[in-house]
Amino acid sequence: MAAPMAVSRLRPLLFLLLAAFACHAADGHAHAHGLGVNYGRVADDIPSPRRSVQLLRAAGAGSVKIYDANAPVLRALAGTGLTVSIMVPNEIIIDLAASYAAADKWVADNLLPYLPRTRVKYLLVGNEVLSDTSAANTTWPRIVPAMENLHRSLRRHGVSRVKLSTTLAMDALVTGAFPRPPSAAAFRPDIAEAVVRPLLRFIERTNSYYFVDAYPYFAWAGSNGTVPLDYALFRAGSTIRYVDPGTGLTYTNLLDEMLDAVGAAMSKLGHGGVRLAIAETGWPNAGDYEQIGASVRNAATYNRNLAARFARNPGTPARPGARMLVFVFSLYNEDLKPGPGTERHWGIYYPNGTAVYPIDLAGRRPLWAYPPLPVPQNDTPYKGPIWCVLAAHAAEKLNETAVGDALTYACGQGNGTCDAIQPGGACFQPNTGAAHASYAFNSYWQQLRKTGATCYFNNLAEQTIKDPSYGSCKFQSSLG
């Protein structure tokens with residue numbers, strides 16, 4: 001009994017020491033080695049750039065990636081010591097490729113005014129451009145020429161520390177998010193020779209990184225139970241292993257598989273020595289009812305284990321010891337992002353600046369030192385009925401114009417979507433915009449959700465598991 005008692009007495013002291021370290025990290029002296037964070041701003045009420053920098057420091061971030069060259073954000077990052085990656089928007093790639101003068105002007109306007117106090121390290125030309133097949137004949141062939149023009153401009157201005165790359169999703173590979181075995185992975189034939197090979201040649205020549213968006217969450221959620229949750233979350237104590245039959249390498253987590261798959265694909269193009277960086281990774285802290293595994297507990301577990309894993313063991317089975325840049329997605333839950341519910345719930349902070357869960361992105365805080373997390377309710381698929389209705393926040397502050405526009409859209413898309421709310425219909429009463437919107441949103445979503453429709457409507461709608469039917473007005477549910 002003596003040993004456990006000694007440990008129990010030491011734990012409060014250890015916790016105090018950890019807290020002191022966290023404060024030290026937050027003051028800017030120890031943040032340099034923490035994971036990076038993606039700082040998106042697609043939300044209606046998030047903290048100021050200056051406050052956002054404080055929150056980045058409090059989480060132990062070592063770097064930050066932003067999705068445009070926003071002047072107030074770049075000024076707030078000046079003098080912080082945080083390294084910065086800037087996304088060059090997809091829509092200007094064609095212009096930058098066509099004109100060196102346009103590229104030079106972009107550098108002069110969006111980069112030079114902030115150097116050297118803002119420590120910009122990377123310009124990322126485009127965000128997952130190769131995932132957009134509509135850009136195949138327009139933007140795809142111009143990614144590398146745009147990078148070449150920007151690189152020429154940087155050299156002309158004597159800026160040698162800023163490197164160039166682009167971000168690519170896992171769908172650049174033939175088998176997408178879950179290429180197993182990793183050693184068999186290859187780039188899609190529509191991009192391999194035409195786009196990726198010249199991209200890798202440029203990255204290798206300029207000593208930059210291949211930036212990949214790698215999300216084990218999506219691979220796990222889409223695996224139909226073939227990938228254990230513990231394997232996707234780096235769960236401590238997990239004995240799950242996967243052996244690549246092509247290399248004999250043993251994997252203990254899904255992210256390593258994904259990264260080595262990208263490495264194998266690069267090797268097949270003769271550029272296996274190109275360094276890897278993770279532009280985005282993370283786990284959603286909430287989502288729609290049918291979105292399995294999106295919870296605070298799983299998000300905290302993934303990101304905490306991610307930080308600890310890269311702090312103590314950089315590299316992958318195929319690239320042992322190889323250090324890489326890693327950016328967690330994201331700083332905030334962004335409530336104005338369209339699509340399914342998970343799209344709005346990746347943050348380590350809520351839009352009001354409070355933490356979704358505490359985290360040390362430097363990976364030094366042991367898991368036992370964190371407070372308990374809520375037990376997830378959706379690690380298995382939800383099998384009950386679901387409806388889509390006007391969101392509570394939208395009903396409280398009803399914007400009649402916005403709701404009216406959404407109602408018109410819903411009624412114009414489906415087949416008989418709004419028949420029941422026409423005069424004399426079973427759901428015409430009460431004759432209010434709010435009541436009609438709920439019926440129309442649900443009718444639209446139930447008809448079209450299997451073809452990709454979401455319960456969003458510009459942040460006016462939300463899912464519910466409480467039947468909104470009343471009297472003779474019956475709302476169709478997801479079960480039929």
Side-chain angles (χ1 to χ4, degrees), residues 40-46 67 89-91 127-128 131-135 284 286-291 294 332-346 351 382 384-480:
R41 306 188 311 281
V42 189
D44 57 5
D45 187 21
I46 56 176
Y67 289 86
N90 293 9
E91 57 268 21
N127 186 22
E128 298 186 352
S131 299
D132 179 9
T133 56
S134 69
D288 295 332
Y289 285 101
E290 72 270 30
Q291 291 189 288
Y332 297 115
N333 280 353
E334 297 174 80
D335 65 336
L336 297 183
K337 297 192 75 171
T342 51
E343 286 296 303
R344 295 175 287 284
H345 294 94
W346 293 87
Y382 178 76
I386 307 169
W387 295 268
C388 176
V389 297
L390 182 68
H393 69 83
E396 288 173 6
K397 296 182 179 180
L398 191 66
N399 182 328
E400 293 186 2
T401 300
V403 171
D405 289 345
L407 182 60
T408 299
Y409 175 83
C411 292
Q413 299 301 308
N415 180 19
T417 306
C418 296
D419 287 355
I421 55 175
Q422 301 307 312
C427 301
F428 179 70
Q429 297 293 343
N431 183 17
T432 66
H436 286 184
S438 280
Y439 183 87
F441 291 171
N442 185 71
S443 182
Y444 165 89
W445 183 65
Q446 302 295 356
Q447 281 192 40
L448 302 175
R449 64 191 181 89
K450 290 184 179 179
T451 61
T454 59
C455 179
Y456 179 63
F457 289 98
N458 291 327
N459 202 30
L460 295 173
E462 64 184 5
Q463 290 187 1
T464 181
I465 56 176
K466 181 180 178 182
D467 189 351
S469 301
Y470 56 92
S472 61
C473 177
K474 303 301 181 184
F475 282 57
Q476 181 186 352
S477 84
S478 58
L479 299 183

Atom of [X], atom of [Y] and distance for their closest heavy-atom approach:
X: Leu448; Y: Thr451; result: O-OG1, 2.7 Å
X: Cys411; Y: Ala440; result: SG-CB, 4.1 Å
X: Asn431; Y: Gln429; result: N-OE1, 3.4 Å

Tabulate below the donor-acceptor pairs under 3.5 Å that side-chain atoms of residues 396-406 make, not counting sequence neighbours, or state none.
{"from": "Asn399", "atom 1": "OD1", "to": "Thr401", "atom 2": "N", "distance (Å)": "3.2"}
{"from": "Asn399", "atom 1": "OD1", "to": "Ala402", "atom 2": "N", "distance (Å)": "3.0"}

* Output the distance between atom CD1 (Ile421) and atom OG (Ser443), rounded to the nearest 0.5 Å. =>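 The distance works out to 8.0 Å.
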* To do: Please round to the nearest 0.5 Å and tell me the distance separating atom CG of Asp288 and atom SG of Cys388.
  =>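 Output value for this atom pair is 9.0 Å.
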Check ring pair (Phe, Tyr, Trp, His ring centres under 6.0 Å) between [X] and all other residues, then give those that pass, not counting sequence neighbours.
X: His345; result: none
X: Tyr444; result: Tyr409, Phe457
X: Tyr289; result: Tyr382

Hey, does [Y] have a side-chain heavy atom less than 4.5 Å from the side chain of [X]?
X: Leu390; Y: Phe441; value: yes
X: Tyr439; Y: Cys473; value: yes
X: Arg344; Y: Tyr456; value: yes
X: Gln446; Y: Phe475; value: no

* Residues in side-chain contact (heavy atoms from CB on, under 4.5 Å) contact with Asp45, at least two apart in sequence or another chain ->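 So Asp45 forms no side-chain contact (heavy atoms from CB on, under 4.5 Å) with any residue.
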Do any N or O atoms from the side chain of [X] and from the backbone of [Y] form a donor-acceptor pair under 3.5 angstrom?
X: Ser438; Y: Ala435; value: no
X: Glu462; Y: Val389; value: no
X: His436; Y: Leu407; value: no

* Just wondering, more than 12 heavy atoms not from Asn415 lying within 6.0 Å of its CG? ->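 No.
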* For the residue pair Glu290 and Gln463, confirm or rule out a side-chain donor-acceptor distance under 3.5 Å. =>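 Gln463 and Glu290 do have a side-chain donor-acceptor pair below 3.5 Å.
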* Considering residues at least two apart in sequence or located in another chain, which fulfil the salt bridge (Lys or Arg N to Asp or Glu O under 4.0 Å) criterion with Arg449? ->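 Applying salt bridge (Lys or Arg N to Asp or Glu O under 4.0 Å) to Arg449 gives none.
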N/O donor to acceptor pairs below 3.5 angstrom from side-chain atoms of residues 333-341, sequence neighbours left out:
{"from": "Asn333", "atom 1": "OD1", "to": "Asn285", "atom 2": "ND2", "distance (Å)": "3.0"}
{"from": "Asn333", "atom 1": "OD1", "to": "Trp346", "atom 2": "N", "distance (Å)": "3.3"}
{"from": "Asn333", "atom 1": "OD1", "to": "Gly347", "atom 2": "N", "distance (Å)": "2.8"}
{"from": "Glu334", "atom 1": "OE1", "to": "Arg41", "atom 2": "N", "distance (Å)": "3.1"}
{"from": "Glu334", "atom 1": "OE1", "to": "Val42", "atom 2": "N", "distance (Å)": "2.8"}
{"from": "Asp335", "atom 1": "OD1", "to": "Asp44", "atom 2": "N", "distance (Å)": "3.2"}

* To do: Enumerate the residue pairs fulfilling side-chain hydrogen bond (donor to acceptor under 3.5 Å, both in side chains) with a member in residues 468-477, sequence neighbours excluded, ordered by first and then second residue.
  =>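 Passing the test, one end in residues 468-477: Asp467-Ser469.
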What pairs with [X] under side chain to side chain donor-acceptor pair (under 3.5 Å), at least two apart in sequence or on another chain?
X: Thr342; result: Gln291
X: Tyr332; result: Ser52
X: Asp132; result: Ser134
X: Glu128; result: none

